[in-house]
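See below for the structure under consideration.
Only a predicted model underlies this, so the values are computations on that prediction, with no experimental measurement involved.
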Amino acid sequence: MHSVGIDKFLESSLYKIMINKHGDILGMTNALKGLTNQDNEPKHISDLFDVDLLEKIELHLLDRDFQRGHLQNGLTGKLLLKKKTFASCYIIYQPQSERAIITIKTSEQKREFFKVYENAFQEADIPMGIFNEWGLFVSVNDRFKKLDFYRDTGLLHLKTFLKALHHENEFCIATHIRNTRKNGLTQSRWAYHGKNQTCYYNITTQLDQATDLFVIKLIDVTEEENLLRLLAHSDQLSTTGEIAASVAHEIRNPMTTLQGFLQLLEHEVEGNAQKYVMIIQEEVKRMNDILNEMLSLSKPSTDVMSLFSLDSLVDEVLLLLRPKALLDQINLVYENFIEEPLLIKGNPNRIKQIFVNLIKNSMEAMDSSGTLTVNLYEGDAKTVDVMIADTGTGMSPEILETIFLPFVTLKEGGTGLGLPFVKKTVNEYGGNISVKSEVGKGTEFLISFPRAILASESELEDKIISFS
């Protein structure tokens, strides 16, 4: 190693010396010079260490295994100071230059460490750890131990800890520690792919100059990351919606022409041909209805409350989604047990989106030949109830507890906001939603909305109450 390298090494404020294989001191830090309190600068390690510690160091310098780059961190003894300061030594041997670096840890530094520990650990509300210059963790706080990917292996290394996380670029521990020492602080973004969701962490590493230890902090930025992804996804959906609306408008023009010519053709043909024309007319009308539904969903909706028939709205949703069921070879069964239309109060566009989300989720949870059942009936407590059941994969009780939480999703590329929107909207309109599921058998949602009481019904109830 050139003298320039030694000078750069001696810029450190820690107690370090550099020696050759004979124990000659090639240089030492200013901090150590001040600690020795000697008039003449030590020339050999025998001028610095007591006999016991000196013998331990010399034995390791002669050890061939040690000279292959072995790291020893268990040497203890005393420095030749006025008060015989107790110290422990860490030695790194450099085989290429046949020189060794000795880092000295004194009791004074231990007191500084405990000060850092108290301040950084006891008051921290985020996961934090402290590791040394070789990447070995000295201590971690309770928040750190509660991380899903933390494993108490006794002697934890930074490389082992980060192996459970994912970094978008190639990551080198030695480069990370070197950059932290040079800049004082480094930070990087990591992801942990758990069973139910992906968590994102902003990991910062800071060098504590007093102890030459590194403090690592993990800041959970999952919500921020998901919001950024949602923003990008929403922008994409907005663009897609605009394109879909323009395509639907363009398709409606030739459909109108086709419908007009079919009406003319209806009077020109007879027999089976006339029956075929009528069937084509019905199919064209159904295609127009689907286009109208697409256009209504693509328009921004305001929360305008109105009275409407829920069974008619469910019919419209099924009209929109039945082609997808046919394409995915899903058996769609719809039963309406309501004899006369029952009205509810709310925003029909938002409630329509509720059923689009639930039915679409049920379809995506099934393979082909699965059965999707939609039942509509009058509830016991003056409600209108809709049951949506599938024969899909089902969910475990643990997952079932989290499905209405934001950003929790089992679908690849999902936002985790569909079911929270459903629950929030149902509750806003005084309704209730419940779910039961069994792994391997399927899932069943039950949505209840309060019936809208008309003026005549309200007057009749008031008369019954006053009479009784």
Side-chain angles (χ1 to χ4, degrees), residues 234-302 304 306-344 346-364 366 368-376 386 388:
S234 298
D235 184 60
Q236 183 181 5
L237 286 178
S238 176
T239 304
T240 305
E242 292 175 5
I243 295 173
S246 61
V247 170
H249 275 294
E250 291 299 320
I251 293 176
R252 286 179 68 183
N253 293 331
M255 291 290 291
T256 303
T257 304
L258 181 60
Q259 198 167 22
F261 277 105
L262 283 172
Q263 289 174 351
L264 294 175
L265 191 61
E266 182 182 0
H267 302 289
E268 299 291 332
V269 296
E270 297 178 353
N272 287 336
Q274 190 175 41
K275 184 172 66 174
Y276 297 152
V277 169
M278 292 178 64
I279 293 173
I280 295 172
Q281 282 181 319
E282 288 297 319
E283 292 301 308
V284 169
K285 180 180 180 301
R286 192 163 71 91
M287 290 169 67
N288 266 324
D289 291 339
I290 293 173
L291 288 173
N292 289 333
E293 288 302 313
M294 285 182 62
L295 287 171
S296 67
L297 286 176
S298 66
K299 294 176 182 177
S301 60
T302 55
V304 178
S306 62
L307 292 174
F308 60 91
S309 170
L310 187 60
D311 54 337
S312 298
L313 184 140
V314 172
D315 287 339
E316 294 173 2
V317 172
L318 293 178
L319 176 69
L320 180 65
L321 295 178
R322 196 178 294 275
K324 177 175 172 57
L326 292 172
L327 185 65
D328 295 341
Q329 299 179 7
I330 292 173
N331 183 28
L332 179 57
V333 179
Y334 174 49
E335 293 186 85
N336 186 351
F337 296 100
I338 296 178
E339 296 181 358
E340 59 182 30
L342 296 178
L343 302 181
I344 66 171
N347 184 327
N349 286 329
R350 292 187 66 189
I351 294 179
K352 184 181 294 183
Q353 189 62 50
I354 289 173
F355 293 114
V356 169
N357 285 353
L358 292 175
I359 295 174
K360 186 169 175 290
N361 283 350
S362 296
M363 288 181 180
E364 292 172 350
M366 292 186 289
S368 57
S369 75
T371 300
L372 174 64
T373 303
V374 179
N375 289 341
L376 184 65
V386 182
I388 300 172

From [X] atom [atom1] to [Y] atom [atom2], the distance as rounded to the nearest 0.5 Å:
{"X": "I251", "Y": "L258", "atom1": "CD1", "atom2": "CG", "result": "12.5 Å"}
{"X": "T257", "Y": "Q259", "atom1": "OG1", "atom2": "CD", "result": "10.0 Å"}
{"X": "Y334", "Y": "N375", "atom1": "OH", "atom2": "CG", "result": "9.0 Å"}
{"X": "D315", "Y": "R322", "atom1": "CG", "atom2": "CZ", "result": "9.0 Å"}
{"X": "L372", "Y": "I330", "atom1": "CG", "atom2": "CD1", "result": "7.0 Å"}
{"X": "N347", "Y": "F308", "atom1": "CG", "atom2": "CZ", "result": "7.5 Å"}

Exercise. Would you say the side-chain atoms of Q274 pair up with the backbone N or O of E266, donor to acceptor, closer than 3.5 Å?
Worked result: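 A pair under 3.5 Å: yes.
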
Any side-chain heavy atom of [X] within less than 4.5 Å of one from [Y]?
{"X": "L313", "Y": "F355", "result": "yes"}
{"X": "S306", "Y": "P348", "result": "yes"}
{"X": "N336", "Y": "V314", "result": "no"}

Problem set entry | Greater than 12 external heavy atoms within 6.0 Å of F261's CZ |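 Incorrect, the count does not exceed 12.
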
Exercise. Can you tell me if N349 and Q353 form a side-chain donor-acceptor pair at under 3.5 Å?
Worked result: no

Problem set entry | Least distance between heavy atoms, L321 atom then M363 atom | O-CE, 3.5 Å

For this session: Could you tell me which non-hydrogen atom of A325 sits nearest to which non-hydrogen atom of L332, and how far apart they are?
Result: CB-CB, 4.4 Å

For this session: Run the numbers on V317 and V374 for side chain to side chain contact (heavy atoms under 4.5 Å, CB included), then give the verdict.
Result: CA-CA 11 Å; V317 172; V374 179; over 6 Å; no

Problem set entry | Residue pair L310, L342: steps toward the side chain to side chain contact (heavy atoms under 4.5 Å, CB included) verdict | CA-CA 7 Å; L310 187 60; L342 296 178; over 6 Å; no

Problem set entry | side chain to side chain contact (heavy atoms under 4.5 Å, CB included) between I359 and L318, intermediate numbers included | CA-CA 9 Å; I359 295 174; L318 293 178; 3.8 Å; yes

